[in-house]
There are 2 protein chains.
Amino acid sequence: MPRQPDHPDLEDIQLARLFSALGDPARLRIMAVLADRSEHQREDFTVEVAPSTLSHHMKILREAGLTRHRFEGTRCFVSLRTDTLERFSAVLNSTLELVAADEEEAAAPRPHHRPAQS
Amino acid sequence: MPRQPDHPDLEDIQLARLFSALGDPARLRIMAVLADRSEHQREDFTVEVAPSTLSHHMKILREAGLTRHRFEGTRCFVSLRTDTLERFSAVLNSTLELVAADEEEAAAPRPHHRPAQS
DNA sequence: ACTGTACATCGAAGAACGTCGAACTTCGAA
DNA sequence: TTCGAAGTTCGACGTTCTTCGATGTACAGT
């Protein structure tokens, strides 16, 4: 296990890569968890995939420049990259708002803009 | 050639699909052309791909809900979908700003945040 | 030193993507 | 009605993605 995984330099981060990383439902759900701007560990990401698949998605987000990974013992802590968030603040902050809203909408069974018909 | 291509309903547009559509350099360049909010035709999209490939990318953008296609004779006119732009205004408007800026930066050989060293 | 935990990496399978040329469709013009 | 132009669709090819189980690696505890 690498003690310090490779995070791309801020100036090497490309917009297309960011969008590509965000263009997957599973990764969007990961971003929704991270939207509170705090550091999270694996157990927080309740994504219904195999552990190896979660690792894969984490790697994509990290290599796109969206997340920062920190190791402590055998544990891995993940958080948003504040420098990337700053450089692409308009796009990313609004994205985080959207995914966080989607998440709580999915959690609370309260239909609003598409009422379920009996 | 279909007289009216299928555009998805506004409420069916998914964020992951939007990002996925934006996650390609060629399509991002198309979006940069459309960023002026006016209607464009094929000649405006100076993307170095075969016509069939351009059609493919156009279809992806259309099916994601980003663009509106209008036919007049044998010609196809493309513009941004204003309803989608409104619903995801924060994300999409900032994205358009970024891609438009990237485009003019690529056009004008004026380095600013990465000065070329002699 | 051994064992277990936490996570990454590998290898493989199937699906999706980007690309092209060729064939097709639709329309306008001769 | 015949021809060409504009654009889409089709078929193919190679690449990349998503997913998994199995294996590997680093650390913590006994």
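In what follows, chains carry the letters A, B, and so on, assigned in the order in which the sequence lines appear, proteins first and then strands, with residues in each chain numbered from 1. This structure is a prediction, so every number in the text was calculated from the model and none was measured.
- With distances taken from any side-chain atom of B:S55 to the nucleotides C:dT19, D:dT8, C:dC7, the minimum falls on D:dT8.
- Contact annotation for A:R27: backbone-only contact, meaning every heavy-atom pair under 4.0 Å involves sugar-phosphate atoms and none involves a base.
- When the P atom of D:dC27 is taken as reference, atom CZ of A:R42 falls 17 Å away, rounded to whole Å.
- We find that A:D102 and A:R29 are not joined by a salt bridge, their nearest charged nitrogen and carboxylate oxygen being 4.0 Å or further apart.
- When distances are taken from the side chain of B:I60 to each of D:dG7, D:dT9, C:dG18, the shortest belongs to C:dG18.
- The separation between B:E48 atom CD and C:dT19 atom P is 8 Å, rounded to whole Å.
- Atom CD of A:E86 is surrounded by 12 or fewer heavy atoms from other residues, nucleotides or ligands within 6.0 Å.
- Here B:R62 does not reach the OP1 or OP2 of D:dT8: none of its side-chain N or O atoms lies under 4.0 Å away.
- Counting atom types as modelled, A:S52 pairs a side-chain N or O with a base atom of D:dG21 as donor and acceptor under 3.5 Å.
- Rounding to whole angstrom units, CD of residue A:E72 and P of D:dC27 are separated by 12 Å.
- Closest to the B:C76 side chain, of the nucleotides D:dT18, D:dC27, D:dG7, is D:dG7.
- Among the nucleotides D:dT8, C:dA8, D:dG21, the one closest to any side-chain atom of B:P51 is D:dT8.
- Rounded to an integer number of Å, the gap from CG of B:L28 to P of C:dG18 is 12 Å.
- Rounded to a whole Å, the CG atom of A:D24 is 13 Å from the P atom of C:dA16.
- Taking atom NE2 on B:H56 and atom C1' on D:dA12, their separation rounds to 14 Å, with Å as the unit.
- Taking atom CD1 of A:I30 as the reference point, atom P of C:dC7 lies 13 Å away to the nearest angstrom.
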Steps toward side chain to side chain contact (heavy atoms under 4.5 Å, CB included) verdict (A:L66, A:L22): CA-CA 9 Å; A:L66 284 166; A:L22 293 172; 3.9 Å; yes
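- In the set C:dG18, C:dC7, C:dC20, the nucleotide with an atom closest to the side chain of A:R75 is C:dC7.
- Relative orientation of the A:H40 and A:F45 rings is tilted, given thresholds of 30° and 60° on the angle between their planes.
- Taking side-chain N and O atoms only, A:T53 has a distance below 4.0 Å to OP1 or OP2 of D:dC20.
- The side chain of A:H57 places an N or O atom within less than 4.0 Å of a non-bridging phosphate oxygen (OP1 or OP2) of D:dT19.
- A donor-acceptor contact shorter than 3.5 Å is absent between the side chain of B:T53 and the backbone of B:V49.
- Taking atom CG of residue B:L54 and atom C1' of nucleotide D:dT9, one finds them 14 Å apart after rounding to whole Å.
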